Amino acid sequence: MEKNRRWWALVAVALGTFMTYLDNNVVNVALPSIQRDLGLSISGLEWITSAYILVFAGLLLAGGRVADVLGNRLAFVAGLVIFTVASVAAGLADGQGLLIGARAVQGVGAALLAPASLALLQELFPNPKERATAIGVWGGVGALALAVGPFTGGVLSEHVSWGWIFLINLPIGVATLVLTLVSVPRRPVRDGWSLRRLDPAGLASSSLGLFALTYALIEGAAEGWTSPLILGSFAVAAVAAVVFVLLQNRNADAMMDLRFFRSRMFSGGLLAMGLWAFGVFGIYFYMAIYLQNILGFSPTEAGAAFIPMAIITAAGAVLAPRLEIRFGVARVTAFGLAVMAAAIAGIAGYGEGTTYGDLLPWFLLYGVGGGLLIPLNTVVVDALPPERAGIASGMLNVSREVFGLLGVTVLGAILSNRTEAAGGDFLAGYQFSLVVAAVLVAAGVPVSLWMLRRQAAAGAGAGDDETAREIRSQTTKPQMTKSA
């Protein structure tokens, strides 16, 4: 493949990722406008956001398996088309049912597109240095979307129409599709395909477990954490997880080789990425409330407040692979988490009467720390054989989504309890929840230094340790014999 085409393919993959990340949080600030125009109930309003997250998180492992079996290009294109068509339907929706249904279909498209995105980068950039650069750019674009989402939603809903927060995906989706078809080459399906290779039982059990867990995390605060519905959802998630593990141990065509969790680099990378998401999602969510309810920012101003942080994160994501080569992924990740924790603790010290200038240095410091964790994507994907890149990417996204939801729900529960204990003082609950978040993110520092340290003999790949190399060789040897 020509070098220029490869980098154009990176643009396509980054644009696709940008769309899915954008729709993760673009809706929040537009909800009041949607409620006024469509006359929605509070429950319907909540499900406009929840339907997308629930389906997206629930089908991520399934999307990764589809990419591994049917090919990354096909999964990416299919997800892109589904997501774009559903976005148009959401933008033109004139009622609650159609809008919620379109958001759920968006989640299906995103669940196919997101795992295939990272897997495509591994396929398109076999050179480790080029791959690290590409993943840095990809990660930077994704980080930028996290902050641009609220700002975009605020501007469009306030000055144009809420429908355009979805319709804007149409030109982006069409441009991405054209770039993908032109720049990403077709690959033959590895060893053919069949329904059995998709591991239907594994797909069903993993999806059911993730659906149940995500639902419980989304609805726990509203329904009550000890309510029969939420406890039942957690029970279903636990049973489905046990069934999934048993199936994977017995099935020759299993979607996931559970031995990879013995790899420190793979498991450590997932855990560190989860802690990153815990901080990012939780802080973004409750910081937006603080900026508007305590400091009096408008929705557009609150969204714009995060843009400098996102730009620094994106720049750090591009530079982080070079730092990782020099200092090692364990040190860079630990330093990034330490900086994030320090920034969160610094923000927790501010209350009423604070200006944006007071918060900005801490926002920028937080962005520096967040950007340094982008090389974890390379570590996790490189720990698995190329034919499992889709599942590796799916696991990364699952870690990010589940820990992100935990960040919102756990910090929300702490905030609510502390606020009640302080006689209804939101600020007291908010500041205490930030301190808890800082402690939890800081706990990732020793975890990263231990789990992500490299073996002296490591040389098979950027993220390999002894366990991963052993399993990779066992996985690839039969395929080499077969193809010979």
Side-chain angles (χ1 to χ4, degrees), residues 15-28 30-31 34 40 43-67 75-93 96-118 142 145-146 149 153 163 165-170 172-173 176 203-204 206-219 233 237 240 277 281 285 390-391 393-406 408-409:
L15 281 174
T17 301
F18 183 85
M19 284 202 309
T20 59
Y21 280 31
L22 192 72
D23 268 57
N24 231 343
N25 59 2
V26 71
V27 177
N28 293 332
L31 289 177
I34 297 174
L40 300 185
S43 175
L45 205 62
E46 291 172 347
W47 275 103
I48 291 172
T49 300
S50 300
Y52 176 79
I53 299 174
L54 179 66
V55 177
F56 179 39
L59 294 180
L60 274 169
L61 287 185
R65 183 58 173 176
V66 169
F76 183 84
V77 169
L80 181 63
V81 171
I82 293 171
F83 187 89
T84 303
V85 171
S87 295
V88 174
L92 299 177
Q96 174 175 307
L98 179 57
L99 181 54
I100 293 174
R103 289 285 287 162
V105 177
Q106 274 188 313
V108 175
L112 283 168
L113 190 153
S117 299
L118 188 53
L146 289 175
I165 66 177
F166 303 113
L167 293 175
I168 197 174
N169 287 329
L170 177 59
I172 299 175
T176 304
L203 292 180
S206 65
S207 298
L208 176 61
L210 287 172
F211 272 127
L213 175 60
T214 305
Y215 178 83
L217 292 176
I218 291 174
E219 294 294 304
S233 296
F281 282 73
F285 186 84
I391 281 294
S393 181
M395 285 296 300
L396 266 174
N397 280 280
V398 166
S399 176
R400 187 159 34 226
E401 290 299 314
V402 171
F403 273 86
L405 282 172
L406 280 171
V408 174
T409 54

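What you see is a predicted model, and the numbers here were worked out from it, not measured in a lab.
Contact record, A57 with T214: CB-OG1, 3.5 Å, taken as the closest heavy-atom pair. Residue F56 comes nearest to A110 through the heavy atom pair CE1-O, 3.5 Å, listed as atom of the first residue, atom of the second, then distance. In terms of heavy-atom proximity, R400 sits nearest to A277 at O-CB, 3.2 Å. Of all heavy-atom pairs spanning V105 and A86, the tightest one is CG1-CB, 3.7 Å. Here the shortest heavy-atom pairing between L54 and Y215 reads CD1-N, 3.6 Å. Closest non-hydrogen pair, S207 versus L59, comes out as OG-CD2, 3.7 Å.
Checked by atom type and distance alone, the side chain of S87 pairs as donor or acceptor with a backbone atom of F83 at under 3.5 Å.
Residue L60 forms a side-chain contact (heavy atoms from CB on, under 4.5 Å) with just one option from N397, V402, L112, and that option is N397.
Contact check for N169 versus Q106: side-chain heavy atoms found under the 4.5 Å cut-off.
With rounding to the nearest 0.5 Å, the separation of CZ in F403 from CG in L217 is 11.0 Å. Taking CG of L113 as the start and OG1 of T17 as the end, the distance is 6.5 Å to the nearest 0.5 Å.
Applying the salt bridge (Lys or Arg N to Asp or Glu O under 4.0 Å) test to every pair with at least one member in residues 100-111, sequence neighbours left out, gives these pairs: D23-R103.
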inquiry  = For a side-chain contact (heavy atoms from CB on, under 4.5 Å) check, start with the C-alpha distance between L92 and L167, then their side-chain angles and the critical distance, and finish with the verdict.
reply    = CA-CA 8 Å; L92 299 177; L167 293 175; 4.3 Å; yes
